[in-house]
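Structure first, commentary second.
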2 protein chains.
Amino acid sequence: MGMGRPREFDAETALDQAMEVFWRHGYEGATIAQLTEAMGINPPSLYACFGNKEGLLKAALDRYTTLRNIWMDEVVAAPTARAVAERMLMGIADKQTDPANPPGCLLVQGGIACGTGSENVPFELAARRAQNEDQLRDRFVRAKAEGDLKESVDPAALARYVSAVAVGMGVMASSGANREALRQVADVAVQAVEAQSARG
Amino acid sequence: MGMGRPREFDAETALDQAMEVFWRHGYEGATIAQLTEAMGINPPSLYACFGNKEGLLKAALDRYTTLRNIWMDEVVAAPTARAVAERMLMGIADKQTDPANPPGCLLVQGGIACGTGSENVPFELAARRAQNEDQLRDRFVRAKAEGDLKESVDPAALARYVSAVAVGMGVMASSGANREALRQVADVAVQAVEAQSARG
DNA sequence: CCAGATATGTAGTGTTCACTACAGATGTGG
DNA sequence: CCACATCTGTAGTGAACACTACATATCTGG
């Protein structure tokens with residue numbers, strides 16, 4: 001009863017490579033060929049080790065969330081609610097634009113499809129969202145000129161903020177969030193805009 | 001030199017159906033078979049009219065953004081920056097949970113892949129995001145108990161807000177937003193949390 | 001050194017996909 | 001009524017996909 005031929009690759013190292021592929025191309029956009037090439041193994045090894053494509057994704061997500069939870073522990077260790085939010089959101093700003101990783105967050109980007117031949121679709125969508133952001137920015141420029149917004153406000157930054165909240169709400173809604181949950185988010189966000197108001 | 005056989009379907013009606021399919025299943029998750037069935041036509045008619053799948057998406061996006069821009073015109077017609085933000089974000093909360101439409105926003109969901117057999121992947125991702133939201137909520141419960149947050153604050157709502165901003169930033173980063181842009185968003189969001197603080 | 005067990009590489013499998021050839025149907029201009 | 005142009009439905013096409021059968025290689029226990 002021998003123990004069989006030992007595995008020739010390191011599972012964690014291979015998972016890191018798979019994680020990057022899912023992160024960059026999304027679940028459906030990532031092909032087994034891309035995954036196996038990045039992991040440096042052949043399909044049978046992948047299936048023997050992780051079951052199937054979805055099993056590999058879950059293993060990659062486990063690894064991602066393990067690392068992320070360690071970071072979140074540091075985040076919630078901040079002394080105040082404000083400091084927690086600052087540490088988390090500023091940290092995200094840095095991490096999501098770190099050239100060492102694909103842009104964005106695996107937990108969002110993993111659901112984005114960019115299969116071969118349609119990589120430009122997400123950019124097409126982004127361009128349409130940018131139109132509304134520009135519209136908001138123009139409106140906030142006017143608000144500033146009218147004395148409605150503080151002199152210190154950057155209208156483009158405020159418009160980007162409102163757009164970001166809107167996008168976040170969209171993803172939440174797609175995942176099943178109900179109306180009350182979205183309204184609570186909107187309510188806090190509106191208060192943030194109000195705080196930029198000259199009378200606020 | 002006759003003018004040929006006339007088209008037997010209405011392009012705008014068909015586009016509305018296609019828009020719903022892209023909205024619900026994402027670009028890659030939507031198959032030509034699903035699209036043609038929803039549109040009530042056969043593939044050759046689709047290709048004769050819209051060129052290819054991506055052409056159909058762009059036509060559907062055109063229709064979506066046309067309707068959306070009309071609504072945005074009403075939004076920016078609000079009297080103050082605060083009212084603009086309120087009208088937009090509360091309107092989004094309602095629209096994105098309207099049972100008459102698929103949940104979420106086509107401009108975000110259109111990039112989400114839910115092909116047959118992997119519909120549960122987006123929910124798997126959402127479940128992982130919820131873990132971090134719960135972590136935040138617990139932290140804000142503590143902050144409230146410590147008198148760091150106002151008595152009127154709902155810790156779950158505030159955690160949901162911070163999570164929504166984080167998700168929005170993730171989508172922006174995926175679309176090419178740079179670090180400074182994300183930091184500006186984070187900065188406004190942090191001020192919103194600060195406004196919920198007892199000393200704020 | 002042999003038997004059993006597991007991993008690996010090659011070379012496929014069936015399925016599904018976006019897309020289209022083709023023939024017949026339905027219109028217009030002469 | 002005829003030549004021509006455009007649409008429609010049937011029935012595919014080749015390509016790409018996730019996944020696997022199989023022979024071979026490499027280990028352990030006895």
Side-chain angles (χ1 to χ4, degrees), chain A residues 1-15 17-18 21-22 24-60 110-121 124, chain B residues 1-15 17-19 21-22 24-61 110-121 124:
Chain A
M1 305 171 178
M3 288 159 97
R5 179 175 175 175
R7 178 178 295 143
E8 289 185 4
F9 63 95
D10 177 59
E12 283 207 338
T13 306
L15 262 187
Q17 306 304 318
V21 175
F22 281 129
R24 197 176 297 279
H25 298 99
Y27 174 70
E28 296 219 324
T31 69
I32 297 292
Q34 286 174 321
L35 290 164
T36 52
E37 183 181 352
M39 299 167 83
I41 61 177
N42 288 308
S45 298
L46 190 160
Y47 285 91
C49 192
F50 302 104
N52 56 17
K53 188 181 178 184
E54 194 164 341
L56 177 62
L57 173 72
K58 288 191 178 172
I112 304 268
C114 313
T116 311
S118 53
E119 296 89 348
N120 52 332
V121 167
E124 175 76 23
Chain B
M1 307 169 183
M3 289 160 96
R5 177 176 177 177
R7 178 179 295 144
E8 291 183 4
F9 64 94
D10 177 59
E12 282 207 339
T13 306
L15 261 187
Q17 306 305 319
M19 186 173 79
V21 175
F22 280 130
R24 197 175 295 279
H25 298 101
Y27 174 70
E28 297 219 323
T31 69
I32 298 291
Q34 285 175 320
L35 290 164
T36 52
E37 183 180 354
M39 299 166 84
I41 61 177
N42 289 308
S45 299
L46 190 159
Y47 285 90
C49 192
F50 303 103
N52 55 18
K53 188 181 178 185
E54 194 163 342
L56 177 63
L57 173 71
K58 288 190 179 173
L61 289 178
I112 305 269
C114 314
T116 311
S118 53
E119 296 88 348
N120 52 331
V121 167
E124 175 76 22

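Naming: A, B, ... by sequence-line order, numbering from 1 per chain. As the structure is a prediction and not an experimental result, all values here were calculated from the model.
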Problem set entry | Residues which pass side-chain contact (heavy atoms from CB on, under 4.5 Å) with B:Asn42, listed by chain and number, not counting sequence neighbours | B:Pro44
Exercise. What is the distance, rounded to the nearest whole Å, between atom CG of B:Leu35 and atom P of C:dC19?
Worked result: 11 Å
For this session: Among the candidates D:dT8, C:dT8, C:dT28, find the nucleotide nearest to the side-chain atoms of B:Met3.
Result: C:dT28
For this session: Give the rounded distance in Å between these two atoms: OH of A:Tyr47 and P of C:dA7.
Result: 17 Å
Exercise. How long is the line joining NE2 of A:His25 and C1' of D:dC17, in whole Å?
Worked result: 16 Å
Exercise. C:dC19 C1' sits how many Å from B:Glu28 CD, rounded?
Worked result: 16 Å
Would you be so kind as to tabulate the donor-acceptor pairs closer than 3.5 Å made by side chains of residues 3-10 of chain A, with sequence neighbours excluded?
residue : atom : partner : partner atom : Å
A:Arg5  : NH2  : A:Glu8  : OE2          : 2.7
A:Asp10 : OD2  : A:Thr13 : N            : 3.0
A:Asp10 : OD2  : A:Thr13 : OG1          : 2.6

Problem set entry | Nearest-angstrom distance from the residue atom CZ of A:Arg7 to C1' of C:dT8 | 12 Å
Problem set entry | Partner of A:Gln34 by side-chain contact (heavy atoms from CB on, under 4.5 Å), out of A:Thr31, A:Ile32, A:Thr36 | A:Thr31
For this session: Would you check, one step at a time, whether the test side chain to side chain contact (heavy atoms under 4.5 Å, CB included) holds for B:Phe22 with B:Leu61?
Result: CA-CA 10 Å; B:Phe22 280 130; B:Leu61 289 178; over 6 Å; no
For this session: Calculate the interatomic distance between B:Leu46 atom CG and C:dC17 atom P; express it in whole Å.
Result: 15 Å
Exercise. Any donor-acceptor pair under 3.5 Å linking the side chain of A:Lys53 with the backbone of A:Tyr27?
Worked result: yes
Seminar exercise, completed: Atom CD of B:Gln34 and atom C1' of C:dC17 are separated, to the nearest Å, by 12 Å
For this session: Take nucleotides 9-15 of chain C nucleotide by nucleotide from the 5' end and write B, S or -, depending on whether a protein heavy atom sits under 4.0 Å from the base, only from the sugar-phosphate, or from neither.
Result: BB-----
For this session: Starting from P on D:dC19, measure out to CZ on A:Phe50 and report it in whole angstrom.
Result: 14 Å
For this session: Please tell me which of the listed nucleotides, D:dC19, C:dC19, D:dG29, lies nearest to the side chain of B:Asn52?
Result: C:dC19
Exercise. Rounded to the nearest 0.5 Å, how far apart are CD1 of A:Ile41 and CZ of A:Phe50?
Worked result: 6.5 Å
Exercise. Pick the nucleotide of DNA chain C nearest each of B:Ala33 and A:Ala48; which residue has the one closer to the 5' end?
Worked result: A:Ala48
For this session: Decide yes or no, distance alone: a donor-acceptor N/O pair under 3.5 angstrom between the base of D:dC27 and the side-chain of A:Arg5.
Result: no
For this session: Taking side chain to side chain donor-acceptor pair (under 3.5 Å) as the test, write out the residues that go with A:Glu124, two or more places apart.
Result: A:Arg128
